[in-house]
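Just below is one structure, and these are the notes that go with it.
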Amino acid sequence: MTKNQIKNRIVKLKDEINFHRYNYHVLDKETISESALDALKYELFKLEQEYPEYITADSPTQRVGSQAVEKFVKSSHFSPMLSLFDAFSEQDMLDWQERIGRFLFPKNANFKIPWNYYTELKLDGLAVNLKYHQGKLVEGASRGDGKIGENISSNIKTIESIPLEFIIPKEVDFKRVGLKGSEIIKIIKSNWIEVRGEAIMTKKTFEKLNLKYQAEGKPLLANTRNGAAGSLRQLNPKLSASRKLQFYAYDIIFYKNNKKINVVLDRERAEKLTKMLGFKIVPHNKVCRTLEEVFAFHRYWEKHKEKLDFNIDGVVVKINELDFWNKLGIIGKAPRYAMAYKFSAEQGTTRIKDVIWQVGRTGILTPTAVLEPVRLGGALISRATLHNMDEIRRLDIMINDTIILERAGDVIPKVVSVLKNLRTGDEQKICTPKKCPMCESKVIKVGEEVAYRCSNTRCFAVNLRQIIHFVSKNAIDIENLGPKVVEQLINAGLISDLADLYNIKKDDLLLLERFAEKSAENLISALNERRKIDLARFVYSLGIRHVGQESAQSLASIIISDSSIDLAKFGDQSLELSVSDFINIASQFDLDKLSQIDDFGPKVSQSIIDYFQDKHNLKILKKLDKAGLKLIIKKTINSQLAQNSKIFGKTFVITGTLNSLTRESAKAKIKELGAKVLSAVSGKLDFLVVGDNPGSKLDKARELRIKILNENDFLKLIEQ
Ligand code: IVH
């Protein structure tokens, strides 16, 4: 992108984000999923980091939450309601740990980590601040912009799990959790306390309510978060009561003479105290001693989150010891001492770079979007099926569009919608190809069918067979890539020809049935090992008609002799030929040249010529070149021998019967010494070897003054 394009993209991103944020935070209307919105915000954040000159004060990256809605009375929080920095990977968490270590111990790089982590489930609802004075609930507010929220006390009071008055625990109960009761009670009874937490709608309530609303013909709730937010941020407490919300506390702040104080040492005990005062807390939260334990907690809940009766979108990791909270402080609007370690999002945004067409077993052409890779549901996604032209029209998809992509569970990713406001005018219409991308036959539309198909009924079978042959044992030899898997790869849109094999990513494979981490890794590394292939093996792998392993060997020799490769330069390593050099040499072949090769009859020669004249084949070869494939010519004993031989590079024709060796072994000997055996005598021939009962070749050679060797001369020549 040019600088101007980046500036425009930033402006469009800001408008788009602001539009959805306003709907989401102010109107409680979900016009985009939270994770897709996060993806847009992340793109904006990255662009702004790279081009800080384009950051404006009104950028969505510069604020937390949103302003309070006018219809509510405002409520100022005693301490700001902070947001959290997000982490999306273990590496992000390790970086955080290192950052805070460096912050606390700038002079000691080898410090021993003196803190524990308190890991909590990250509930997906509405953040609420409750103010208690002398143990009684005075006010309940939404977060708003972090400093001022909306006073939603009447609605809050309909939530049964919020105590209107603290339960004052007995001294023995305090003792049981290692707390000094009398002091805490004194503070509670004479001061302000803020209890913060998440108001949520359980999944069960959500389903029940939606069934009811459906029966009554009322609009349905979009999700549990929306159910909670929409219930609290409206003016009718009766409606709030009917929504049966719950409140889970995740923070408690004590004040003495209007100053924040710590009455407990750590988050673990603070949570126990909150529970004793009458609040619901998440029972699964726990202390972890290391990040490894945090990762295990995160992994466990990412896998088992469906078991819970409420929705969570990650894990909140806080330093357990509250003393460090004061030392670490805040950066902007989020604390240093905590992180939101999110689960991998199921929706994200990305750009369609291109659309390619796959031909399936029945000849149907399926459009597949080639995407700017995006991480979703734990995998890096670079392709998505667009199904057919009707679907493309329904979604109004164009090449270069920014799209919302979804991958829920292990399901294949799908395009949910296009963000048309982000268009720049550089988008291109997606057209059905006129010719089949595999065999170049005409593409037809049958009757009323939605699909287009290749008119060549053998197309898929031929392609499938070609790829299966390419990876087979005697060809490039890819273990565990049998016919079934090849077909699976074609059907999933990962490959349409053999060159595509080299572009498969591990994450693409993880989306397929029967592929797990290990098997995907194995296939990728097997393919990577075959980025360098023996030239003769490669020629055989191409599956040229009538070219078996033997002929492939001969063809490889001609290619070597036509190339600029200097066999004399063989060092300890093999020599390499690029696929583009290979193409240049092979596409020059003509009948005249090939028919001189002894083992090539006219059928083989013609087939080779046809193969290298075919546009589709050349396209595949060019793709292989682009994928970085290299053809190797191994240093063999023969080639050392050949370099030193006197007949290296010379041409021979044999006529008549030899007595001391068969014609085949004579030919082999000549080849071994780096010379070539031709079948016809021409002016360019170097030697004619004459046995008993020679044919007309002898006369022709004499005519052309070619050097003639009898069997003895020949033997002497090859034995020196
Ligand atoms: S702690 C300074 N703990 O996640 C710490 N937040 O941006 C502030 N959330 O809107 C929050 N579960 O409402 C914390 N166990 C938890 C949480 C949690 C959900 C929400 C919170 C806030 C957002 C973080």
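Counting starts at 1 for both ligands and their atoms, following the listed order. The structure displayed is predicted, hence computed values, not measured ones. Computation of the quantities below employed the complete heavy-atom set of this structure, encompassing side-chain atoms and omitting hydrogens, waters and symmetry-equivalent molecules.
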### Message
Both conditions, 6.0 Å and 45 degrees, for the charged tip of Lys131 above the ring of Phe78: are they met here?
### Response
yes
Would you mind writing out a table of all protein N or O atoms found under 3.5 Å from any N or O atom of ligand 1, naming both atoms and giving the distance to 0.1 Å?
unit_1   : atom_1 : unit_2 : atom_2 : d
ligand 1 : 3 (N)  : Lys318 : NZ     : 3.1
ligand 1 : 4 (O)  : Lys122 : NZ     : 3.3
ligand 1 : 7 (O)  : Leu84  : N      : 3.2
ligand 1 : 12 (N) : Leu123 : N      : 3.1
ligand 1 : 13 (O) : Glu198 : OE1    : 2.4
ligand 1 : 13 (O) : Tyr250 : OH     : 2.7
ligand 1 : 15 (N) : Glu120 : OE1    : 2.8
ligand 1 : 15 (N) : Leu121 : O      : 3.3

### Query
Any side-chain donor-acceptor pair under 3.5 Å between Ser35 and Glu346?
no
### Message
Taking the basic N atoms (NZ, or NE/NH1/NH2) and the acidic carboxylate oxygens, is any pair closer than 4.0 Å for Lys212 and Glu216?
### Response
yes
### Message
For the backbone of Lys259 and the side chain of Asn257, can you confirm whether one donor and one acceptor N or O come within less than 3.5 Å of each other?
### Response
no
#### Entry: Nearest atoms (heavy-atom pairs only) where Phe72 meets Leu232
CZ-O, 4.3 Å
### Query
Is Thr350 close to Leu376 at the side-chain level, that is, under 4.5 Å between some pair of heavy atoms?
no
